[in-house]
Amino acid sequence: MDSNLYQLNEAYFFVLLITTALAILLVRYTVTLRRYLKEFTMVSKKVSNKEFHTRLNTYVKGELGELSKNFNYMIQIMDSTIEEVEYKHLQLTSIVKSISHGILAIDIKGKILLINDIAKEMLKSDTEINLEGLNFKNVVKDKNILEVFQKYVGSTQNEVIELNLKNNIVYRIKIDPVYLQDSKHAIIGSIINIEDITEIVKLENMRRDFVANVSHELKTPLTSITGFVETLKINDDIDKNTRNHFLDIIEKESNRLKGLIEDILLLSSIENGQDLSYEDVKLFDVFKEVYEITEYIASSKNITVDHDFEDQDVHILGFRDNVKQIFLNLVDNGIKYTPENGRIEVRQHYDRKNQNIVIEFKDNGIGIPKESLDRIFERFYRVDKARSRDIGGTGLGLAITKHMVKSLGGNITVESILGIGSNFIVTIPMETK
Ligand code: ADP
């Protein structure tokens with residue numbers, strides 16, 4: 001009986017021991033789990049706040065430990081993926097920003113996905129705010145550009161439109177469809193490239209005008225020459241005086257043709273950049289040389305060519321032939337456009353404030369009308385075409401002169417009063433290169 005009771009007590013004790021052990025284990029597990037869940041909640045909150053550098057502690061063993069490791073790995077992958085996406089976005093934005101054209105990407109509904117600052121300026125829209133996400137209809141302030149966008153955004157074709165805007169500004173707008181990846185049919189938007197081609201159009205027009213002018217200028221003397229040659233050929237009985245008169249005209253027109261071709265070649269050689277070496281050029285020596293060349297023609301009209309050099313030793317670094325051509329063109333024009341008994345003065349002084357050498361070519365000739373002052377440096381521009389032609393002008397002299405002065409880093413301006421005279425002012429930096 002006693003031994004039975006003892007065995008029963010032992011069994012109770014054993015059950016109690018196991019239950020206690022189990023209870024202790026359960027409490028410990030619950031505590032660990034709660035702590036784990038708390039940490040998990042905190043870390044996941046941080047991750048949702050984009051704090052991708054946080055990690056779960058991996059002290060727990062077993063399945064929770066495995067979960068922690070996997071979770072940490074997932075955060076790490078998310079971190080590096082987001083970093084990569086951000087870097088790519090930064091790269092794209094920097095590229096788009098540094099493109100010198102206006103660039104826009106617009107989705108099929110008209111929402112701006114991407115726009116650079118140049119495009120904002122070209123569209124006359126607000127440059128201060130972020131326009132991405134807005135509809136282009138509320139952003140494009142220029143009416144003409146808006147019309148083009150409305151017509152072509154979402155088009156399946158590649159479109160190129162040249163738009164003439166106010167103040168002679170010309171934009172070339174290229175609109176290309178953006179297809180859904182791997183699909184040739186599903187369009188998801190348009191990419192727009194706006195280029196300011198004002199300068200190109202201007203140069204192209206100038207080139208076209210130049211070719212037309214050159215052809216016209218060459219044609220006039222040639223027509224005259226062939227006309228008189230033809231007349232001489234078919235009329236054997238022309239008297240000597242008339243014959244000589246015709247031959248004089250042919251000679252004059254041939255010289256004009258020669259002068260024109262020489263001037264055109266000179267102009268094109270300056271534009272193509274001559275292969276000349278810089279020299280130390282003493283301006284007074286150049287003046288003396290030009291004086292000697294023009295003396296005969298000046299004295300034939302009883303015109304005096306005076307000089308007044310503040311510094312007769314003044315010299316510049318430049319192409320000697322070009323400097324001589326500048327002096328020659330301006331003195332020669334002075335003589336050409338000044339009636340008999342007139343006076344020309346070449347004056348050199350310094351503009352010390354702006355560190356310039358100034359050379360003025362002043363005459364008391366016919367002067368230039370106010371409305372022509374801006375235009376006389378243009379190629380083939382002449383105030384009085386017939387008169388200029390008559391005295392052997394080509395209309396290219398001042399264009400050549402201006403080019404040459406510019407190549408010295410200088411500038412040329414003119415002041416003139418009709419009937420009183422003209423003053424051409426050349427400024428050259430003291431430190432010419
Ligand atoms: P051109 O060969 O006709 O002289 P330029 O280019 O040298 O061509 O000059 C352009 C025009 O400017 C001339 O046709 C003339 O009308 C005007 N011009 C130039 N220099 C003078 C001047 N000193 N006085 C008056 N008019 C001038």
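First listed ligand is number 1; within each ligand, the first listed atom is number 1.
When the heavy atoms of G395, P369, G397, G365 are ranked by distance to atom 1 (P) of ligand 1, first place goes to G395.
Checked against R207 for a side-chain contact (heavy atoms from CB on, under 4.5 Å), the options V211, L203, D209 give a single hit: V211. Checked options L330, N423, I368; the residue passing with V414 is I368 (criterion: side-chain contact (heavy atoms from CB on, under 4.5 Å)).
Ligand 1 places these atoms under 4.0 Å from at least one heavy atom of K336: 1 (P), 2 (O), 4 (O). Listed by number with element, the atoms of ligand 1 under 4.0 angstrom from any heavy atom of L398 are 5 (P), 6 (O), 7 (O), 9 (O), 10 (C), 12 (O), 19 (C). Counting the atoms of ligand 1 from 1 in the order shown, those under 4.0 Å from a heavy atom of R382 are 3 (O), 14 (O). Near T394, with a cut-off below 4.0 Å to any heavy atom, the atoms of ligand 1 are 1 (P), 2 (O). Proximity to I376 (heavy-atom distance under 4.0 Å) selects the following atoms of ligand 1: 10 (C), 12 (O). Shown in contact with I368 at under 4.0 Å from a heavy atom are these atoms of ligand 1, numbered in order with element: 25 (C), 26 (N), 27 (C). Near Y381, meaning under 4.0 Å from any of its heavy atoms, are these atoms of ligand 1: 10 (C), 11 (C). Distances below 4.0 Å separate heavy atoms of G367 from the following atoms of ligand 1: 25 (C).
Residue V383 places at least one N or O, backbone or side chain, under 3.5 Å from an N or O of ligand 1.
D313 pairs by the salt bridge (charged side-chain N to carboxylate O under 4.0 Å, His left out) definition with K282, not counting sequence neighbours.
A salt bridge links E84 to K88: at least one charged side-chain nitrogen sits closer than 4.0 Å to a carboxylate oxygen. Checked for salt-bridge contact, K324 and D321 miss the test: no charged N lies under 4.0 Å from a carboxylate O. Salt bridge E195/R172: present, at least one basic N to carboxylate O contact under 4.0 Å.
Ring geometry, F327 versus F361: the interplanar angle exceeds 60°, so the pair is classed perpendicular (tilted spans 30 to 60°). In this pair, F424 and F377 present their aromatic rings perpendicular. The plane angle is above 60°, beyond the 30 to 60° band. Between Y291 and F287, the two ring planes are tilted [angle within 30° to 60°].
Ligand 1 lies nowhere less than 4.0 angstrom from a heavy atom belonging to F377.
Among protein heavy atoms, the minimum distance from atom 7 (O) of ligand 1 is reached at N333 ND2, 2.9 Å. Shortest contact from atom 27 (C) of ligand 1 to any protein heavy atom: Y337 CD1, 3.6 Å. Here the heavy atom of the protein found nearest to atom 3 (O) of ligand 1 is S388 OG, 2.6 Å. In this structure, atom 23 (N) of ligand 1 lies nearest to the protein heavy atom D363 OD2, 2.9 Å.
Contacts with ligand 1 closer than 4.0 Å are made by no heavy atom of T401, backbone or side chain.
Here the shortest heavy-atom pairing between A119 and I115 reads CB-CG1, 3.7 Å.
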